[in-house]
Visitor: 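The structure's right below; bear with me while I get my questions together.
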Amino acid sequence: MTKILITGACGQLGSELTTILRKIHGADNVIATDIADPNPQVAEGPFEHLDVMDKDKVEELVNRYKVTEVYHLAALLSANAEKNIDLAWKLNMEGLLNVLKIARDKELKKVFWPSSIAVFGPDAQKKGTPQNSPTNPSTMYGITKVAGEQLCNYFHQKFGVDVRSLRYPGLIGYKSLPGGGTTDYAVDIYHKALAKETFTCFLEKDAVLPMMYMDDAVKATIDLMNAPSESLTVRTSYNISAISFTPEQIAASIKKEIPGFEISYEPDYRQQIAASWPDSIDDSAARKDWNWKPAFDLDSMTKDILENLPKMSVAEKE
Ligand code: SER
């Protein structure tokens, strides 16, 4: 019997993974947790308030619900982490260490933990960044992700914990709003376009970044978690890639559907974060080990979002 605990379930990725994992395993077998109150997407099933820095509470929930797998998503994202480096280090590192130790001690079947393209810094190859490129991140968020990847690998090698991880690009979905990331502009832009407002972008028009539609990110996560353990050759975190584009290119894609759409640019401190990250990622290890392949390109993603976002109720969007 699979019993899943998700931390950070009210976040952008957590909300979507909670929904899909409940479809696969049954609502009662997926326990959504977050420090925040439940949003409508995660409310239809077990929900518990949880601060992942409280190891006793994590352990208590794992015991109470007889949890077999953890999806540990709670973290501070890149832009917020730059504003509060102490909390970023504490939350991102202690939370992961707590989960890994519990997975070891309780012999959990599997753990999922998200890493990010933010592990790469300015000296990594910009285009087609290889799996084993030097990392050397220049953000606090990236530093916690590099350290986290090493912790995952260590717990796998030393204690046999089956922890699996993906280096997500910027994730773009319409079902919930992201918080505190550098790639979030590519979500906000669709909301503004549909509201017929001019979008002011906090990055420069030619700031190219690796991105991925949420449907592809969810599929990658499920596929990785379903792959046989012996086929996985990467136990730090897998590079995965889908699309790369600039703010100017996403605006052009939206204009094809909404011709009157306007964008202006007011770059802030997040431009520097974006500039330190790769333009595009080489994901051949993921393609080879567990047959990763994205389905959406920029225009098909735009069409899907602009068609489905207006159908969401206000409560669902919050
Ligand atoms: N999307 C994340 C961010 O911008 C990167 O992992 O922080």
Visitor: With a cut-off of 6.0 Å (strictly less than), are more than 12 heavy atoms of other residues, nucleotides or ligands near CD of E60?
Guide: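 Check passes, neighbour count above 12.
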Visitor: What pair of heavy atoms forms the shortest contact from N239 to Q131, and how long is it?
Guide: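 Heavy-atom minimum between the residues: N-OE1, 2.9 Å.
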Visitor: Check the pair L100 / W113 against side chain to side chain contact (heavy atoms under 4.5 Å, CB included), numbers first and verdict last.
Guide: CA-CA 10 Å; L100 290 173; W113 176 75; over 6 Å; no
Visitor: Between L166 and S237, what is the shortest heavy-atom contact and its length?
Guide: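 The pair with the smallest heavy-atom distance is C-OG, 3.0 Å.
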Visitor: If you look only at distance, which donor and acceptor atoms sit under 3.5 Å apart when one is on a side chain in residues 154-161 and the other is two or more places apart or in another chain?
Guide:
| residue | atom | partner | partner atom | Å |
| --- | --- | --- | --- | --- |
| H156 | ND1 | V161 | O | 3.0 |
| Q157 | NE2 | N153 | OD1 | 3.3 |

Visitor: Which value, rounded to the nearest 0.5 Å, describes the distance between E16 atom CD and L73 atom CG?
Guide: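 Rounded to the nearest 0.5 Å, the CD-CG separation comes to 12.0 Å.
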Visitor: To the closest 0.5 Å, what do you measure between CG (L194) and CD1 (I189)?
Guide: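 Spacing of CG (L194) from CD1 (I189) equals 11.0 Å.
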Visitor: Under the salt bridge (charged side-chain N to carboxylate O under 4.0 Å, His left out) rule, what do D282 and R287 come out as? Steps first, then yes or no, please.
Guide: CA-CA 10 Å; D282 178 300; R287 287 174 188 256; over 6 Å; no
Visitor: Check for a donor-acceptor pair, side chain of R164 on one end and backbone N or O of L224 on the other, with a separation under 3.5 Å.
Guide: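 Indeed, once roles are kept as given, a pair shorter than 3.5 Å links the two residues.
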Visitor: With rounding to the nearest 0.5 Å, note down the distance linking OG1 in T18 to OH in Y71.
Guide: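 One finds 10.5 Å between OG1 of T18 and OH of Y71.
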Visitor: Thinking salt bridges, do K57 and D51 make one under a 4.0 Å N-O criterion?
Guide: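 Looking at D51 together with K57, the answer is no, because their closest N to O distance does not fall below 4.0 Å.
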Visitor: Going by the ring-ring contact (aromatic ring centres under 6.0 Å, His included) test, which pairs reach into residues 230-273, not counting sequence neighbours?
Guide: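 Those involving residues 230-273 are Y238-W290.
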Visitor: Run the numbers on S15 and K175 for side chain to side chain contact (heavy atoms under 4.5 Å, CB included), then give the verdict.
Guide: CA-CA 8 Å; S15 306; K175 291 185 190 151; over 6 Å; no
Visitor: Should I4 and V70 be marked as a side chain to side chain contact (heavy atoms under 4.5 Å, CB included) after you check the CA-CA gap, both sets of side-chain angles, and the distance that decides it?
Guide: CA-CA 6 Å; I4 296 174; V70 176; over 6 Å; no
Visitor: Are the side chain of E197 and the backbone of K192 linked by a donor-acceptor contact shorter than 3.5 Å?
Guide: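 No, E197 side chain to K192 backbone: no donor-acceptor pair under 3.5 Å.
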Visitor: Sort and list the pairs that fulfil ring-ring contact (aromatic ring centres under 6.0 Å, His included) and have at least one residue in residues 200-220, not counting sequence neighbours.
Guide: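 Matches after skipping sequence neighbours: Y213-F296.
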Visitor: Work out which heavy atom in I273 is nearest to a heavy atom in S78; give both atom names and the distance.
Guide: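 Of all heavy-atom pairs spanning I273 and S78, the closest is CD1-O, 4.2 Å.
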Visitor: Partners of A217 by side chain to side chain contact (heavy atoms under 4.5 Å, CB included), sequence neighbours excluded?
Guide: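 Only Y168, L171, M212, M214 meet the side chain to side chain contact (heavy atoms under 4.5 Å, CB included) criterion with A217.
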Visitor: Keeping T200 on the side-chain end and S264 on the backbone end, is there a donor-acceptor pair under 3.5 Å?
Guide: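 No.
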Visitor: At their closest point, which heavy atom of C10 faces which heavy atom of N39, and how far apart are they?
Guide: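 Answer, listing the atom of C10 first, then N39: O-ND2, 3.4 Å.
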Visitor: If we ignore hydrogens and angles and just use 3.5 Å, is the side chain of Q249 paired with the main-chain N or O of D206 as donor and acceptor?
Guide: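 No, Q249 side chain to D206 backbone: no donor-acceptor pair under 3.5 Å.
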Visitor: Could I get the full list of side-chain hydrogen bond (donor to acceptor under 3.5 Å, both in side chains) partners for D28, not counting sequence neighbours?
Guide: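 Checked D28 against side-chain hydrogen bond (donor to acceptor under 3.5 Å, both in side chains); zero matches.
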Visitor: Taking only residues two or more places apart in sequence, or in another chain, which ones meet S116 in a side chain to side chain contact (heavy atoms under 4.5 Å, CB included)?
Guide: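 So S116 forms a side chain to side chain contact (heavy atoms under 4.5 Å, CB included) with A118, Y141, K145.
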Visitor: Hydrophobic cluster membership, with links at side-chain heavy-atom distances under 4.5 Å among I/L/V/M/F/W/Y: are I35 and L87 in one?
Guide: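 Different clusters: I35 never reaches L87 through Ile, Leu, Val, Met, Phe, Trp or Tyr contacts under 4.5 Å.
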Visitor: Which heavy atom in S241 sits nearest to a heavy atom in P294, and how many Å separate them?
Guide: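 Residues S241 and P294, closest heavy atoms: O-CG, 3.6 Å.
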Visitor: Tell me, please, which residues at least two apart from N80 pass side-chain hydrogen bond (donor to acceptor under 3.5 Å, both in side chains).
Guide: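 Per chain and number, N80 pairs via side-chain hydrogen bond (donor to acceptor under 3.5 Å, both in side chains) with no residue.
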Visitor: Checking side chain to side chain contact (heavy atoms under 4.5 Å, CB included) for the pair L203/R270: CA distance, chi angles, key distance, verdict?
Guide: CA-CA 7 Å; L203 298 184; R270 289 167 281 194; 4.2 Å; yes
Visitor: Just to verify, what does Q271 make a side-chain hydrogen bond (donor to acceptor under 3.5 Å, both in side chains) with, not counting sequence neighbours?
Guide: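 Per chain and number, Q271 pairs via side-chain hydrogen bond (donor to acceptor under 3.5 Å, both in side chains) with no residue.
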Visitor: Where the side chain of E82 meets the backbone of M140, is there a donor-acceptor pair that is under 3.5 Å apart?
Guide: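 Pair found, side chain donor or acceptor close to backbone of M140.
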Visitor: The criterion is side chain to side chain contact (heavy atoms under 4.5 Å, CB included); which residues satisfy it with D184, sequence neighbours excluded?
Guide: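 P178.
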Visitor: Is a side-chain donor or acceptor of K106 paired with a backbone partner of V62 at a separation under 3.5 angstrom?
Guide: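 Between the backbone of V62 and the side chain of K106 there is no qualifying donor-acceptor contact (under 3.5 Å).
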Visitor: How many angstroms lie between atom CE of M53 and atom CG of L97, to the nearest 0.5 angstrom?
Guide: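 Going from the CE atom of M53 to the CG atom of L97 covers 13.5 Å.
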Visitor: State, without any angle test, whether R167 and T129 hold a side-chain donor-acceptor pair at a distance under 3.5 Å.
Guide: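 Their side chains do not contain a donor-acceptor pair, so the 3.5 Å distance test is not met.
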Visitor: So does A75 get a backbone contact from the side chain of N92, meaning a donor-acceptor N/O pair under 3.5 Å?
Guide: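 No.
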Visitor: So with a 6.0 Å cut-off around NZ of K109, is the heavy-atom count from everything else above 12?
Guide: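 Above 12, so yes.
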Visitor: Can you tell me how far NZ of K3 sits from CG of L108, rounded to the nearest 0.5 angstrom?
Guide: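 Rounded to the nearest 0.5 Å, the CG-NZ separation comes out at 14.0 Å.
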Visitor: Determine whether the side chains of H72 and N98 contain a donor N or O and an acceptor N or O closer than 3.5 Å.
Guide: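 Checked: H72/N98 side chains show no N/O donor-acceptor pair below 3.5 Å.
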Visitor: Looking at A207 and P247, what are the two nearest heavy atoms and their distance?
Guide: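 Reported closest heavy-atom pair: O-CD, 3.3 Å.
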Visitor: Hey, any chance L76 and L151 share a hydrophobic cluster, counting ILVMFWY side chains that come within less than 4.5 Å of each other, even indirectly?
Guide: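 In one cluster: yes.
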Visitor: Tell me which one of I102, V67, V99 satisfies side chain to side chain contact (heavy atoms under 4.5 Å, CB included) with E59.
Guide: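 Going through the options one by one, the only one that passes is I102.
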Visitor: Check for a donor-acceptor pair, side chain of T302 on one end and backbone N or O of I254 on the other, with a separation under 3.5 Å.
Guide: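 No; zero donor-acceptor contacts below 3.5 Å.
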Visitor: For S133 and Q125, which I'm curious about, is there any donor-acceptor pair between the side chains at under 3.5 Å?
Guide: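 Absent: no donor and acceptor within the cut-off.
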Visitor: For T68 and T2, which I'm curious about, is there any donor-acceptor pair between the side chains at under 3.5 Å?
Guide: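 There is no such pair (donor and acceptor under 3.5 Å, judged by atom type) between the side chains of T68 and T2.
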Visitor: Side chains of D297 and S300 only: does a donor on one sit below 3.5 Å from an acceptor on the other?
Guide: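 Short answer, yes.
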Visitor: Do T33 side-chain atoms and I6 backbone N/O form a donor-acceptor pair below 3.5 Å?
Guide: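 Yes.
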Visitor: What salt bridge (Lys or Arg N to Asp or Glu O under 4.0 Å) pairs are there with at least one residue in residues 122-138, not counting sequence neighbours?
Guide: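 Salt bridge (Lys or Arg N to Asp or Glu O under 4.0 Å) check on residues 122-138 returns K127-D279.
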Visitor: Could you measure the distance from the CD atom of E262 to the NZ atom of K196? Nearest 0.5 Å is fine.
Guide: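 Spacing of CD (E262) from NZ (K196) equals 12.5 Å.
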Visitor: Ignoring hydrogens and angles, tell me if any N or O in the side chain of D216 forms a donor-acceptor pair with the backbone of A295 under 3.5 Å.
Guide: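 Looks like yes, one N/O pair under 3.5 Å.
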Visitor: Quick one about D283 and W292 (side-chain donor to acceptor, distance below 3.5 Å, no hydrogens or angles considered), yes or no?
Guide: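 There is such a pair between these side chains.
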Visitor: Distance alone, cut at 3.5 Å: any donor-acceptor contact between the side chains of S280 and S244?
Guide: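 Per modelled atom types, S280 and S244 side chains form no pair under 3.5 Å.
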Visitor: Holding to side-chain hydrogen bond (donor to acceptor under 3.5 Å, both in side chains), I want the full list of residues that pass it with Y65, two or more places apart in sequence or in another chain.
Guide: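 So Y65 forms a side-chain hydrogen bond (donor to acceptor under 3.5 Å, both in side chains) with E48.
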Visitor: Check whether Y190 and F199 end up in the same hydrophobic cluster, where Ile, Leu, Val, Met, Phe, Trp and Tyr are linked by side-chain heavy atoms less than 4.5 Å apart.
Guide: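 Yes, one cluster joins them.
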Visitor: In the hydrophobic clustering that connects Ile, Leu, Val, Met, Phe, Trp and Tyr at side-chain heavy-atom distances below 4.5 Å, which members other than V42 occupy its cluster, ordered by chain and number?
Guide: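 V42 shares its hydrophobic cluster with F47.
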